[in-house]
Amino acid sequence: MLKPHLLIPAAGVGSRMKIGYPKQYMPFVDDRNLLETTVWRLSEMTLFASIAVVVSTDDAYIDHCDLPQSVRVLRCGGKTRAQSVYNGLKALELKGDEWVLVHDAARPCVSKQAICRLIERLDLGDVDGAILASPVVDTLKIVNEAGLIEQTVNRELYRSAQTPQGFHVQALIHALADRLQTATDEASAMEAVGAKIAVIDSPVSNIKVTHPDDALLAKFFLQSI
Ligand code: CTP
Ligand code: MG
């Protein structure tokens, strides 16, 4: 099977977690913080040609982390997630036609099976990229500025985008370059340049630890994986 590179953006400030320091360094499970948990899980999957983590230029925590020896730490994070990914991709100096998967440090519960399905899809060679996503279970409403329902939409047409998201390195660098302030994921940048992107079903347990309650839920999911 194809062996893509893995880039893990971890240069955010975690403002919604409200713990006073970046959430990727919050104690998580078995004496590991959130970042260590995510990196070790992905490393032990043995699916990647290389793994690199992007942290902010003034990060004061990463030197105290226990990460696998082969993991590269890139101190080149930016103000937005897109900027961090862009800077990280440039720093990696990979060949343009190599595949890279980008995965949030804040998603420790991602399933190996789902990543394998994503890589297999890239390997087929019929798409420009692929992302993990989960079906939407709630009924979806469009709501106006007054907080009133405008209409109900067909949820079958919608997916919640997760990570990893995989693309060719050079194509992703090009797409992100013009969208460093606006792209909230890699796929949205690639969509804007007309890329054909496959969506791979992934369990809702691949949550992004964002608010305080999410940490409890993610720890529960990790126990049951
Ligand atoms: N990220 C990053 N660089 C940024 C912003 C985010 O590398 N400038 C990373 C985060 O560290 C995280 C991932 O992108 O692993 C997803 O972002 P998010 O969950 O939004 O984390 P934060 O931006 O840190 O949190 P918040 O939006 O609540 O401040
Ligand atoms: Mg954010």
Side-chain angles (χ1 to χ4, degrees), residues 4-28 32-43 48-94 96 98-108 110 129 131-132 161-190 192 206-211 214-215 218:
H5 299 274
L6 178 68
L7 185 71
I8 300 179
V13 293
S15 55
R16 288 170 287 181
M17 188 56 71
K18 297 189 172 69
I19 49 173
Y21 60 95
K23 64 184 179 185
Q24 53 273 33
Y25 299 114
M26 70 192 285
F28 206 59
R32 284 182 176 158
N33 62 35
L34 180 57
L35 176 66
E36 290 169 332
T37 306
T38 301
V39 173
W40 275 101
R41 275 206 71 228
L42 283 149
S43 169
F48 306 104
S50 73
I51 300 179
V53 176
V54 181
V55 299
S56 69
T57 47
D58 57 355
D59 186 296
Y61 305 87
I62 192 72
D63 288 341
H64 306 287
C65 286
D66 169 38
L67 298 177
Q69 258 191 349
S70 57
V71 170
R72 275 185 74 183
V73 173
L74 308 168
R75 292 179 168 273
C76 59
K79 281 206 164 57
T80 62
R81 183 181 177 288
Q83 184 81 61
S84 297
V85 171
Y86 178 82
N87 293 353
L89 291 173
K90 295 273 254 190
L92 281 179
E93 295 186 326
L94 298 170
E98 293 187 90
W99 290 102
V100 64
L101 266 52
V102 179
H103 182 68
D104 294 328
R107 291 187 193 269
V110 62
I131 71 167
L132 295 193
Q162 304 176 346
T163 67
Q165 304 198 350
F167 298 95
H168 277 132
V169 176
Q170 203 52 45
L172 184 54
I173 289 175
H174 275 310
L176 285 172
D178 294 331
R179 297 168 184 85
L180 296 171
Q181 308 307 320
T182 51
T184 52
D185 69 353
E186 291 63 56
S188 59
M190 292 295 295
N206 185 18
I207 58 167
K208 182 156 68 76
V209 176
T210 306
H211 300 106
D214 299 331

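Numbers here simply count residues along the sequence, with the first being 1.
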* Determine, step by step, whether Thr80 and Thr184 satisfy the side-chain contact (heavy atoms from CB on, under 4.5 Å) criterion, reporting the C-alpha distance in whole Å, the side-chain angles of both residues, the deciding distance to 0.1 Å, and the verdict. => CA-CA 8 Å; Thr80 62; Thr184 52; over 6 Å; no

* To do: With side-chain contact (heavy atoms from CB on, under 4.5 Å) as the test, would you mind laying out the steps for Val102 and Leu172 before giving the verdict?
  => CA-CA 10 Å; Val102 179; Leu172 184 54; 4.1 Å; yes

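Under the side chain to side chain contact (heavy atoms under 4.5 Å, CB included) criterion, Ser43 pairs with Ile51, Pro68, sequence neighbours left out. With sequence neighbours left out, the side chain to side chain contact (heavy atoms under 4.5 Å, CB included) criterion links Ala91 to Leu74, Cys76. When the side-chain hydrogen bond (donor to acceptor under 3.5 Å, both in side chains) test is applied to Thr182, no partner is found at least two apart in sequence or on another chain. For the side-chain hydrogen bond (donor to acceptor under 3.5 Å, both in side chains) test, residues two or more places apart in sequence or in another chain that qualify with Gln83 are Asn87. The ring-ring contact (aromatic ring centres under 6.0 Å, His included) test applied to Tyr25 returns Tyr61, not counting sequence neighbours. Residues forming a side chain to side chain contact (heavy atoms under 4.5 Å, CB included) with Ala11 (at least two apart in sequence, or on another chain): Ser56, Ser84. Not a single side-chain hydrogen bond (donor to acceptor under 3.5 Å, both in side chains) links Gln170 to another residue, sequence neighbours left out. Considering only residues two or more places apart in sequence or on other chains, His168 meets the side-chain hydrogen bond (donor to acceptor under 3.5 Å, both in side chains) condition with none of them. Partners of Ala49 by side chain to side chain contact (heavy atoms under 4.5 Å, CB included), not counting sequence neighbours, listed by chain and number: Lys3, His5.
A donor-acceptor contact closer than 3.5 angstrom is absent between the side chains of Gln24 and Asn33.
Inter-residue side-chain proximity for Asp66 and Trp40 is flagged as met; some heavy-atom pair is nearer than 4.5 Å. Side-chain contact between Leu7 and Leu101 is absent, with no heavy-atom pair separated by less than 4.5 Å. Put simply, the side chain of Leu42 reaches to within 4.5 Å of the side chain of Ile8, judged on heavy atoms. Within the 4.5 Å cutoff, the side chain of Pro108 has heavy atoms near those of the Leu34 side chain. A heavy-atom distance below 4.5 Å is not found between the side chains of Met17 and Thr210. Contact check for Pro4 versus Val100: no side-chain heavy atoms found under the 4.5 Å cut-off. Between Val85 and Leu176, some side-chain heavy-atom pair lies under the 4.5 Å cut-off. Side chains of Gln162 and Ile131 form no contact here, defined as non-hydrogen atoms less than 4.5 Å apart.
Atom-to-atom distance recorded for Leu132:CG and Gln165:CD is 8.5 Å, nearest 0.5 angstrom. Here the straight-line distance linking atom OH of Tyr86 with atom NE2 of His174 works out to 9.0 Å at 0.5 Å rounding. Rounded to the nearest 0.5 Å, atoms CZ (Arg32) and CZ (Arg41) are 11.5 Å apart.
For the pair Trp99 (side chain) and Gly129 (backbone), a donor-acceptor distance under 3.5 Å is absent. Formation of a donor-acceptor pair under 3.5 Å by the Thr37 side chain with backbone atoms of Leu35 is not found in this model. Glu93 places no side-chain N or O within donor-acceptor distance of the main-chain N or O of Lys90, the cut-off being under 3.5 Å. Side chain of Arg107 to main chain of His103: no donor-acceptor pair is present (N/O by atom type, distance under 3.5 Å, no hydrogens or angles). Panel note: side chain Asn206, backbone Thr163; a donor-acceptor pair is recorded below 3.5 Å.
Residues Thr38 and Ala105 come closest through the heavy atom pair OG1-O, 2.7 Å. The minimum heavy-atom distance between Ala10 and Val53, with the atom names listed, is CB-CG1, 3.9 Å. Closest heavy-atom contact between Phe28 and Ala215: CE1-O, 3.9 Å. Here the shortest heavy-atom pairing between Met190 and Ala175 reads SD-CB, 3.6 Å. Between Pro27 and Tyr21 the shortest heavy-atom distance is CD-OH, 3.3 Å.
Pairs engaging residues 70-83 under the salt bridge (Lys or Arg N to Asp or Glu O under 4.0 Å) rule: Asp63-Arg75, Arg81-Asp104, Arg81-Glu186 [sequence neighbours left out].
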